[in-house]
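Keep in mind that this is a model prediction, so the values were computed, not measured.
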Amino acid sequence: MGLGRRRSGKRADERAEEAPAAERVAVAERAPAGETDTAADRADAVEPARPVGASALWSDGLGRAGTRSVQVLALVALVAVAVFAVTRLTLIVIPVLIALVLAAAISPLVGLLRRKGVPSFLATVVALLALVVVLGVVVWLVAAAVVKQWPELRDQAVEGFDELQTYVQNLPFDITEEQIASVRDSLVGLLQSDAVGAGALAGASQTVDFVAGFFVMIVVLFFFLKDGPAIWEFLLRPFEGVRYARGQRIGETTVRTLGGYVRGTAIVAAVDAVAIGIGLAIVGVPLVLPLSVLVFLLAFIPLVGATLAGVLCALVALVAVGPVEALIVVAIVIAVNQLEGDLLQPVVMGRTLRLHPLVILIALTAGTVLAGLTGAVLAVPIAASIWRAIQVWDGPDLPARFARQKRHETVDGAPASSS
């Protein structure tokens, strides 16, 4: 029996030497009082294994930094490929994004009709027709106003150009009539050149793309309104458990954010358009209705839209009625924008768009570079939706770990970190 015990003890020592350091420490903690020191000494005597060969190159700080760099480069390459694909497929991507934003905005109307007992197909058709009718009426009113007042505006523009020519001739430095005539002839030659013809052909091609994209958008919008929840449920089929619940939260939050943004911006833009339109009518500026519609549309571009609308209104007033009236228009636009920023937008928009102005500016720039004016309009609500999705990543009120706010507090005299 003594020999058996010695052999058992020898095998136990061999297993202890082969065990990892953490297990030996655990054995030392569980050992009786008389054997604790011996087990601890054996654990300290054995050093952890060091990487050998090629793996040793990546084990130090520089190697870990290189690993992270490779990961970052791979992520940047993936984003670059995605951006390239989006820019090549704008005829599909842009209509789908517009349809998504519009569907989020008018989905409450479809939901209301369904709760009233209207069949899903009929409710979708009614909401879609209502949107098309509203857009058609607005386009018709703008076109009618432009056609009606265009001769008057043209004559006033000619008079304004003559006044500008007189003003230029009275400047301290000399600008002769020959120079002005040369500039005018250059403009006429530019309009009659081949470049303008090529631009017209490009414009015709863009018109065809616009019409095709518009019909794609209408079809996609119809299916988003009719089967939006079912489509999202289909996309979530590969996920289960926590990931499925996360997908549900992201879908609901995205629709709520996009819809709230579009509806709130539309209310603010309508108030701006009406207020500035009344001011333009009082001053006597022509084309009040087209300019009001332009103010409404440009209001969907944060930060810079209101400024562009004010500049255009002031230019029309300067050409049509004079510099004093143009300054009055500038004052009206500034007052309305100030009222919107300080009172109307915080009340209507609430916490829908919780983005720093710098983030909004970067999103606007990126959207404009990728998709022009349409990208500028869509960039901010998409950025806001992405940020809101991050805010509900781990729970209804629990952001993703990297986005949680960290605060250092003092607990019983010792610093503590809480998120």
Side-chain angles (χ1 to χ4, degrees), residues 22 48-94 96-97 100-101 232 235-254 257-258 261 301-304 353-372 374-408 415-419:
R50 296 181 179 180
V52 295
S55 59
L57 298 176
W58 303 96
S59 61
D60 57 356
L62 184 59
R64 289 191 294 271
T67 303
R68 291 299 183 190
S69 300
V70 172
Q71 293 174 344
V72 170
L73 289 176
L75 182 60
V76 170
L78 180 63
V79 172
V81 171
V83 171
F84 178 79
V86 169
T87 55
R88 298 278 77 82
L89 299 174
T90 53
L91 189 59
I92 298 176
V93 174
I94 297 301
V96 170
L97 291 178
L100 177 62
V101 173
W232 186 244
L235 295 176
L236 293 180
R237 283 186 179 181
F239 305 101
E240 295 179 356
V242 176
R243 291 183 176 87
Y244 177 80
R246 177 180 296 159
Q248 289 282 12
R249 288 195 306 270
I250 290 175
E252 295 173 359
T253 302
T254 300
T257 302
L258 288 176
Y261 173 83
I301 305 178
L303 297 181
V304 298
L353 188 62
R354 295 184 296 181
L355 294 177
H356 193 275
L358 180 60
V359 177
I360 296 177
L361 183 60
I362 293 175
L364 281 175
T365 305
T368 304
V369 170
L370 292 177
T374 306
V377 173
L378 295 177
V380 175
I382 291 175
S385 300
I386 293 174
W387 177 242
R388 287 296 299 144
I390 294 174
Q391 293 297 303
V392 298
W393 187 263
D394 289 333
D397 297 316
L398 187 61
R401 183 174 299 275
F402 74 90
R404 297 176 192 174
Q405 188 173 9
K406 281 77 177 178
R407 296 186 179 91
H408 293 280
S417 177
S418 62
S419 57

Quick one: does Arg404's side chain get under 4.5 Å of Asp394's, heavy atoms only? yes
Nearest heavy-atom pair of Ile390 and Ala403: which atoms, and what distance? CG2-CB, 3.6 Å
Euclidean distance, Ile250 CD1 relative to Ile386 CD1, rounded to 0.5 Å: 10.5 Å
Drop me the distance from Leu258's CG to Leu97's CG, to the nearest 0.5 angstrom. 9.5 Å
Taking the side chain as everything from C-beta on, heavy atoms only, tell me whether Arg243 gets closer than 4.5 Å to Leu236. no
Please tell me if the side chains of Trp387 and Thr257 come closer than 4.5 Å, counting only heavy atoms from C-beta onward. no
Least distance between heavy atoms, Thr374 atom then Ile94 atom: CG2-CG2, 3.4 Å
Decide yes or no on side-chain contact (heavy atoms from CB on, under 4.5 Å) for Val101 and Tyr261, but give the supporting numbers first. CA-CA 9 Å; Val101 173; Tyr261 173 83; 6.0 Å; no
Report yes or no: do Gln71 and Arg68 form a side-chain donor-acceptor pair below 3.5 Å? yes
Gap between atom CD of Glu252 and atom CH2 of Trp232 - 0.5 Å precision: 10.5 Å
Can you name the closest pair of heavy atoms from Trp393 and Arg249 and give their distance? O-NH2, 2.7 Å
Closest heavy-atom pair and its distance - Thr368, Ala376: OG1-CB, 3.4 Å
Nearest-0.5 Å distance that lies between atom CG in Leu62 and atom OG1 in Thr67: 9.5 Å
Taking all non-hydrogen atoms of both residues into account, name the closest pair between Ala363 and Ala379 and its distance. O-CB, 3.1 Å
So which atom in Thr253 and which in Ala389 form the shortest heavy-atom distance, rounded to 0.1 Å? CG2-N, 4.4 Å
